[in-house]
Asker: 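I am attaching a structure below and will ask some questions about it afterwards.
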Amino acid sequence: MFSLRVPRSALRAGMSRRDVLRLSAVGAAGVSQSGWLGALAAGAKDDPKRHKSVILLWMNGGPATIDLWDLKPGHENGGPFKEIEAAPGVKISEHLPNLAKHGKELGIVRSMATREGDHQRARVVSLTGYTPQGAIQFPALGALVAHEFDDPRADLPGFVSVGGRANDIGGGFLGPRFAPLVVGGDRDRLGFGAPAADLKVPDLERPAGVSTESHAKRLDLLSGLEADFAPGKGHPVAETMKAATDRAVRLMRPEAAAAFRLEDEKPAAREAYGRGTFAQGCLLARRLVERGVAFVEVSLDGWDTHNNNFERVKGLSGTLDTAFAALLADLKDRGLLDSTLVVCQGEFGRTPKINGQTGRDHWPASWSAVLAGAGIKGGQAVGKTSADGTQVESDPTRTADLVATVMKAIGLDPMKQNMSNVSRPIRLADPAGKPIKELL
Amino acid sequence: MRNRLLLLLAAVAWPGAVRAAEPPDPAKLAARIDDRLGAEWKRAGAKPAPLVDDATFLRRASLDLVGRVPTAAEVRAFLADTAADKRARLVAQLIDSGGHTRHMATFWRRTWVPQADTPEFARLADDFEAWVAARVQENVPYDRVVRELLTQPGAAGRRGAVSPVGFFAASESKPENLAANATRSFLGVNLDCAQCHNHPFARWTRDQFWQTAAFFAAPKTGDGGKAMPPELTIPNTKRALSPELLDGTAVKWPEVLASDTGRKLLTDWLTAKDNPYFARNAVNRLWAHVYGTALVEPLDDLSGDGGNTGYHAELLKELADAFAASGFDLKYITRALVLTKAYQLSAVTPDATDPRLFARMPIRGLTGEQLYDSLRTAAGLPPERADTGRGLGLEGRRRFAAQFHVERPVMAERSITQALSMMNGRLITDLTDPAKNPTLGGVASAPFLDTKGKVETLFLAALGRKPTAKEAKTMVEYVEGVTESDRDRALGDVFWALVNSSEFNTNH
């Protein structure tokens with residue numbers, strides 16, 4: 001089942017253009033018989049059994065949602081930004097003009113009320129859906145979704161994180177198989193924000209100096225060793241090693257690696273998303289979702305605006321507005337918006353009161369998150385904050401509620417259980433959570 | 001009752017007579033283990049796997065006891081040794097080596113301060129491991145190690161940074177975190193869930209959780225400024241609780257209380273020979289370390305049904321008693337566990353048996369540290385030393401180990417990112433270059449070796465065994481099939497394939 005004995009031609013990651021042409025010239029029949037090429041085609045959007053996907057636009061640092069989605073013009077907490085209409089009765093920041101045009105897709109949740117005001121803890125709670133408890137290793141939402149929609153034959157992994165992320169929230173008790181494939185962003189430096197627009201899978205390419213022939217030969221030698229390794233048969237640990245190598249080899253294949261080749265997009269399409277890691281990461285997310293990836297995280301860093309809030313939020317709004325709007329338009333054009341849920345949130349909001357440095361500080365008590373696609377009822381704002389923005393006046397929405405909504409929107413039962421590392425079953429969403437019914 | 005009696009007897013024999021007495025014989029305890037397991041196999045009608053050959057044994061014991069594969073020279077010497085007791089001698093020699101000290105320091109650190117495997121607390125790992133290593137090296141009795149750890153975190157200033165203070169730092173010095181981590185680490189009891197509610201699957205109540213936590217709280221100030229036993233209030237309630245021991249033993253407070261009296265009283269109870277969990281927890285974790293699966297699973301639920309009436313509850317009790325009676329001698333118990341026949345069973349059997357029978361060896365993944373050290377060993381490079389400062393080498397090891405972190409080797413999984421790194425990453429790429437890989441460089445330039453001899457050396461260095469005839473033929477044909485100038489590169493390809501194999505990446 002995990003054999004590495006596939007036609008050698010199919011193993012040659014990074015074939016030259018001429019190789020590809022020659023291969024097509026002699027006929028790809030021999031290759032497609034192996035099923036390697038077929039897998040990608042089957043992931044296309046016409047597949048009736050296609051599962052839904054999630055794109056999480058992660059606003060790292062905690063965005064001032066009071067300056068994005070829930071403005072308080074006229075109030076002293078409001079700041080200088082003006083409102084524009086996104087849908088009847090729904091107004092957002094003037095610095096999100098392109099998103100306003102997609103207002104009928106946007107479900108704005110203005111009643112987010114959470115408890116953690118520390119970046120790291122809030123990030124863990126937001127990205128896992130659970131408050132840390134003892135030794136339980138909670139998986140990231142992406143790992144949970146990838147696990148539910150797992151297809152062992154898929155060429156691409158089910159969970160991809162773009163633009164860097166804290167790497168301590170991964171597969172959790174589901175194991176490293178469901179940890180995100182991190183694209184762009186130096187995982188060792190533990191940070192966010194990839195250098196430039198270098199959105200590459202680490203170590204995806206053959207090392208310099210290893211020719212295609214050499215690479216193919218290495219894999220041949222390896223598959224011979226694997227075939228003869230008697231203790232490996234039927235032992236799960238040995239099987240996972242072989243399976244991971246197998247998947248890595250498949251990901252190296254030009255057809256799979258092409259998912260990451262943004263240069264294959266038309267220049268106009270790339271321009272539409274804007275420049276920079278986040279914008280191009282959104283484009284990459286679309287390419288991945290199109291190929292059946294279940295969960296893609298794209299990070300935009302810089303929202304921790306303790307000082308000079310308005311100028312910085314204005315700048316970040318421009319980046320977000322262009323990319324998010326282009327993503328929605330692109331998904332729609334390709335018929336993918338009905339099956340793709342886009343979530344835009346950070347770990348918390350920011351203080352309605354403006355501090356002495358024209359900044360805003362951490363504020364989990366009242367903030368906004370935005371959902372779109374996958375059947376989310378857009379064109380509305382759910383929940384309401386007080387005139388000064390400091391309190392949620394409607395029923396508060398907790399992280400668990402938001403997670404339950406995400407699960408439900410993509411057709412998963414939030415109450416489904418997985419066995420955790422402490423032999424205690426854990427549900428997809430904290431059972432305290434209730435899906436936001438206005439959105440579904 | 002019976003335990004109390006045994007303890008009384010032990011107390012009489014202890015400590016006056018202990019120095020004169022013969023040290024306990026680990027081989028005897030090993031034989032007891034084999035008897036016990038043999039009886040289980042009979043009852044279950046299970047046929048144990050055959051014993052492994054010398055090469056497999058050497059590799060397994062080296063990985064378990066010193067955290068790396070054997071060198072090609074060690075393999076050759078061990079295979080050539082004709083002494084009947086060579087496996088027992090090897091075990092003794094490995095356990096007395098510096099590699100064992102370092103390997104077990106990582107093992108205990110990971111058991112006690114698993115938080116240091118997360119980026120948030122990674123900075124704690126080095127100092128804590130250095131502290132454990134010093135104790136393992138001197139074979140300080142296990143109870144004394146734990147006592148020191150729990151009662152002397154303030155010793156940080158005295159001997160540089162080498163102190164167990166990391167345990168407290170990882171718990172943010174909060175009584176509730178310390179209670180949860182101490183009971184999990186030293187008793188194999190999971191109180192975590194009882195923090196917020198009464199645990200549905202175990203016997204612990206929320207009150208017991210906070211009563212345990214209260215030992216770590218500062219004393220209360222009573223009338224006239226006198227220090228009184230501490231009290232903790234359960235968050236969001238008005239319920240204040242004083243320290244109480246989990247098994248209901250009365251707490252005897254001294255007249256005068258110091259800031260750490262509570263912690264010391266808890267430690268007295270926790271590390272006592274008659275504590276119902278302390279010795280069993282240590283042995284159960286060591287067993288899991290060398291056999292993959294613990295005698296009682298899960299590791300942190302000794303107070304559950306498995307711990308009391310489970311499959312091997314009795315065997316665990318017997319081993320724990322022997323461990324306590326030896327004066328908590330870690331080297332003694334470790335030797336006993338690996339001197340058994342059971343430890344020498346092959347991983348290959350025609351049919352899979354219940355892993356709890358230990359009728360065959362499971363296949364385990366390597367920890368990040370084992371993998372890194374094994375790659376260097378295979379390449380003929382010396383291990384990165386922890387005592388030569390914080391060079392780039394150590395930083396590279398740390399980074400690699402974090403990338404290849406494994407929670408439980410017996411359930412290890414590999415991610416695509418890890419696999420890509422093994423195939424195309426910087427470290428492996430360097431190791432396929434004869435200029436950076438002494439094993440490869442030596443083989444490539446050895447005039448006295450033919451291709452077959454070169455291939456054989458690579459197998460010994462990486463897999464700890466000679467190639468089969470079929471493997472030798474394939475590899476030799478490949479290397480000799482390329483042009484003369486490409487031979488070194490082809491040998492690099494062979495090395496690449498060897499270290500990417502699941503045979504290299506597992507302990508079997």
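Per chain, numbering begins at 1; letters A, B, ... match sequence-line order. Computed over heavy atoms, backbone and side chain alike; hydrogens, waters and symmetry mates excluded.
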Asker: Quick one: what part of Thr432(B) sits under 4.5 Å from any heavy atom of chain A, side chain, backbone, both or neither?
Answerer: side chain

Asker: Select one option (side chain, backbone, both, neither) describing which atoms of Pro114(B) are under 4.5 Å from chain A's heavy atoms.
Answerer: neither

Asker: Check the angle between the aromatic planes of Tyr130(A) and Phe138(A) and answer parallel, tilted or perpendicular using the 30° and 60° thresholds.
Answerer: parallel

Asker: Around atom CZ of Arg123(B), are there more than 12 heavy atoms from other residues, nucleotides or ligands closer than 6.0 Å?
Answerer: yes

Asker: Less than 4.5 Å to any heavy atom of chain A: does that hold for the side chain of Glu471(B), its backbone, both, or neither?
Answerer: side chain

Asker: Of the backbone (N, CA, C, O) and the side chain (C-beta and beyond), which part of Leu498(B) lies under 4.5 Å from a heavy atom of chain A, both, or neither?
Answerer: both

Asker: Heavy-atom distance under 4.5 Å to chain A: side chain of Arg364(B), backbone, both or neither?
Answerer: backbone

Asker: Please classify the contact between Val210(A) and chain B as side chain, backbone, both or neither, with a heavy-atom cut-off of under 4.5 Å.
Answerer: neither

Asker: Please confirm whether the ring centroid of His508(B) lies under 6.0 Å from the ring centroid of Phe229(A).
Answerer: yes

Asker: Is it the side chain or the backbone of Glu407(B) that comes within 4.5 Å of chain A heavy atoms, both, or neither?
Answerer: side chain

Asker: For Val410(B), is it the side chain, the backbone, both, or neither that has a heavy atom closer than 4.5 Å to a heavy atom of chain A?
Answerer: backbone

Asker: Counting only heavy atoms closer than 4.5 Å, note whether Leu251(A) contacts chain B via side chain, backbone, both or neither.
Answerer: side chain

Asker: Please classify the contact between Phe495(B) and chain A as side chain, backbone, both or neither, with a heavy-atom cut-off of under 4.5 Å.
Answerer: neither

Asker: Carefully, step by step, assess Phe459(B) and Met475(B) under the rule side chain to side chain contact (heavy atoms under 4.5 Å, CB included).
Answerer: CA-CA 10 Å; Phe459(B) 267 75; Met475(B) 300 292 176; 4.0 Å; yes

Asker: What part of Ser501(B) gets closer than 4.5 Å to chain A, counting heavy atoms only: side chain, backbone, both or neither?
Answerer: both

Asker: May I ask you to decide whether Lys217(A) forms a salt bridge with Asp493(B), counting only side-chain N to carboxylate O separations under 4.0 Å?
Answerer: no

Asker: With a 4.5 angstrom heavy-atom cut-off, could you sort out which part of Met422(B) is near chain A: side chain, backbone, both or neither?
Answerer: neither

Asker: About how many Å separate CD of Glu347(A) and CZ of Arg123(A), when rounded to the nearest 0.5 Å?
Answerer: 5.0 Å

Asker: At a heavy-atom separation under 4.5 Å, does Pro467(B) approach chain A through its side chain, its backbone, both, or neither?
Answerer: neither

Asker: Report which part of Thr506(B) has an atom under 4.5 Å of a heavy atom belonging to chain A: side chain, backbone, both, or neither.
Answerer: side chain

